[in-house]
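For clarity, every value in this text was computed on a predicted model and none was experimentally measured.
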Amino acid sequence: MGETVRYLRCPLCLGAFSREGNSLRCARGHCYDLARQGYVNLAPGRRDSFYKKEMFESRARVFEAGVFEPVAEELTRAFNQYVRSEEPVVLDAGCGEGYYLRRVAAGRKMTRIGLDLNRDAVRLAAKSTKDASFAVGDLAAIPLADGCCDAVLDIFTPANYAQFKRVLKPGGVLFKIAPRSGYLVQLRRAARGRIRSEQDDEDRVGRYARRHMRMLEQRTITYTMPVSSELAVHLAQMTPMLAEVDVRELDLSDVREITIDETLYIGTLPDENVRPDAGK
């Protein structure tokens with residue numbers, strides 16, 4: 001956890017923490033213990049029941065196979081272009097098992113903070129990523145100090161622009177990635193009739209992002225790559241798109257390649273555009 005403690009804030013009173021042994025304690029006496037893996041749970045009693053541990057384990061297998069490596073590379077190029085601080089502080093909001101926080105600008109010295117409401121995901125992230133700090137926390141009330149971040153990563157996670165604005169330094173940059181219509185299209189075909197179209201979501205996410213961000217740039221990341229039958233199953237198990245579908249009932253025998261189709265929004269969050277409601 002190290003130096004990151006100075007950026008964390010108590011979710012109950014917003015007070016700063018001091019470290020006492022294996023615990024974080026604020027001036028009002030609210031205390032949170034560090035887990036054996038090194039993360040801290042700043043949302044005790046809260047559970048994310050939608051995302052299961054098995055989903056994050058499949059995500060880890062997919063990431064290890066390099067399926068999203070071109071996305072990480074493009075995000076790294078954008079990050080290095082727009083984040084100029086010598087030792088930036090970056091928050092991955094909805095970090096999952098920590099892949100992007102670990103991979104983006106991997107050789108660059110920075111303070112990396114991952115936040116997710118899913119304890120299983122944070123535990124996996126803390127075990128696999130040693131040069132970052134992780135916390136279980138609510139994105140609707142991010143437990144970080146005002147104006148402490150040079151950048152926020154928001155990758156396939158519902159955005160709370162007011163909270164992002166609060167924790168970003170003036171001129172800090174938001175990197176938001178959202179799916180396009182071709183994303184995992186082979187799996188959508190296999191699940192035809194069992195999931196709704198996400199075209200409206202794609203349009204809504206784009207409108208919402210442009211409404212709240214002062215857009216610096218918008219990039220399209222699109223490619224298709226071959227996958228094994230085993231990897232196709234892990235892809236089906238990892239995506240929230242199929243979270244309510246029994247993957248065992250899907251015929252994935254024809255899925256021999258997969259398409260990644262995403263939009264990367266890059267921008268700042270000017271005061272006049274930010275509203276307190278959350279969106280995607």
Side-chain angles (χ1 to χ4, degrees), residues 1-53 56 85 87-98 100-102 110-155 157-170 172 174 269 271 274-279:
M1 190 62 65
E3 290 293 315
T4 303
V5 172
R6 64 189 174 115
Y7 301 117
L8 296 176
R9 290 296 179 266
C10 175
L12 297 178
C13 68
L14 305 181
F17 285 117
S18 60
R19 181 163 179 174
E20 300 179 3
N22 287 323
S23 299
L24 303 182
R25 187 182 299 273
C26 72
R28 294 192 178 184
H30 303 127
C31 186
Y32 300 85
D33 294 333
L34 295 174
R36 177 172 51 84
Q37 295 84 356
Y39 71 90
V40 60
N41 187 349
L42 297 179
R46 296 286 308 279
R47 294 288 295 179
D48 176 12
S49 59
F50 181 75
Y51 295 100
K52 307 299 184 184
K53 180 180 179 181
F56 289 106
S85 176
E87 294 185 17
V89 177
V90 56
L91 167 68
D92 188 347
C95 64
E97 67 301 303
Y100 288 104
L101 189 60
R102 177 171 65 250
M110 66 180 80
T111 298
R112 303 169 189 264
I113 305 172
L115 185 71
D116 203 295
L117 190 57
N118 190 289
R119 188 169 58 185
D120 290 328
V122 171
R123 185 182 294 114
L124 286 171
K127 288 173 63 177
S128 62
T129 310
K130 301 307 179 185
D131 61 346
S133 298
F134 295 93
V136 178
D138 190 350
L139 296 185
I142 295 175
L144 291 179
D146 293 357
C148 69
C149 294
D150 296 278
V152 170
L153 309 181
D154 173 36
I155 302 171
T157 300
N160 190 309
Y161 289 102
Q163 285 291 300
F164 294 167
K165 170 62 181 177
R166 182 183 64 78
V167 301
L168 278 168
K169 297 176 181 178
L174 172 63
L269 299 177
D271 291 326
V274 177
R275 302 186 182 187
D277 55 331

query = Between Leu117 and Ala43, what is the shortest heavy-atom contact and its length?
reply =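 For Leu117 versus Ala43, the nearest heavy atoms are CD1-CB, 3.9 Å.
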query = Any donor and acceptor pair, going by atom type alone, linking the side chain of Arg19 with main-chain N or O of Gly21 inside 3.5 Å?
reply = yes
task = Without swapping roles, check the side chain of Arg112 against the backbone of Leu101 for a donor-acceptor pair under 3.5 Å.
result = yes
Output the distance between atom [atom1] ([X]) and atom [atom2] ([Y]), rounded to the nearest 0.5 Å.
| X | Y | atom1 | atom2 | result |
| --- | --- | --- | --- | --- |
| Arg166 | Asn160 | CZ | CG | 9.5 Å |
| His30 | Leu42 | NE2 | CG | 12.5 Å |
| Cys31 | Glu20 | SG | CD | 7.0 Å |
| Tyr32 | Cys26 | OH | SG | 7.0 Å |

inquiry  = Can you confirm whether Leu174 sits close enough to Tyr161 that some side-chain heavy atom of one is under 4.5 Å from a side-chain heavy atom of the other?
reply    =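 The answer is yes, as the side chains (C-beta and beyond) meet within the 4.5 Å cut-off.
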request  = Please examine the side chains of Cys148 and Leu91, heavy atoms only from C-beta on, and report whether any two atoms are closer than 4.5 Å.
outcome  = no
ask   = What pairs of residues pass the ring-ring contact (aromatic ring centres under 6.0 Å, His included) test when at least one of them lies in residues 132-154, not counting sequence neighbours?
value =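 Checked against ring-ring contact (aromatic ring centres under 6.0 Å, His included) - neighbours excluded - no pair reaches residues 132-154.
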inquiry  = If the condition is side-chain contact (heavy atoms from CB on, under 4.5 Å), which residues does Arg123 pass it with, not counting sequence neighbours?
reply    =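 So Arg123 forms a side-chain contact (heavy atoms from CB on, under 4.5 Å) with Gln37, Tyr39, Arg119, Asp120, Lys127.
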query = Out of Ile113, Asp116, Leu153, which one pairs with Cys95 under the side-chain contact (heavy atoms from CB on, under 4.5 Å) rule?
reply = Asp116
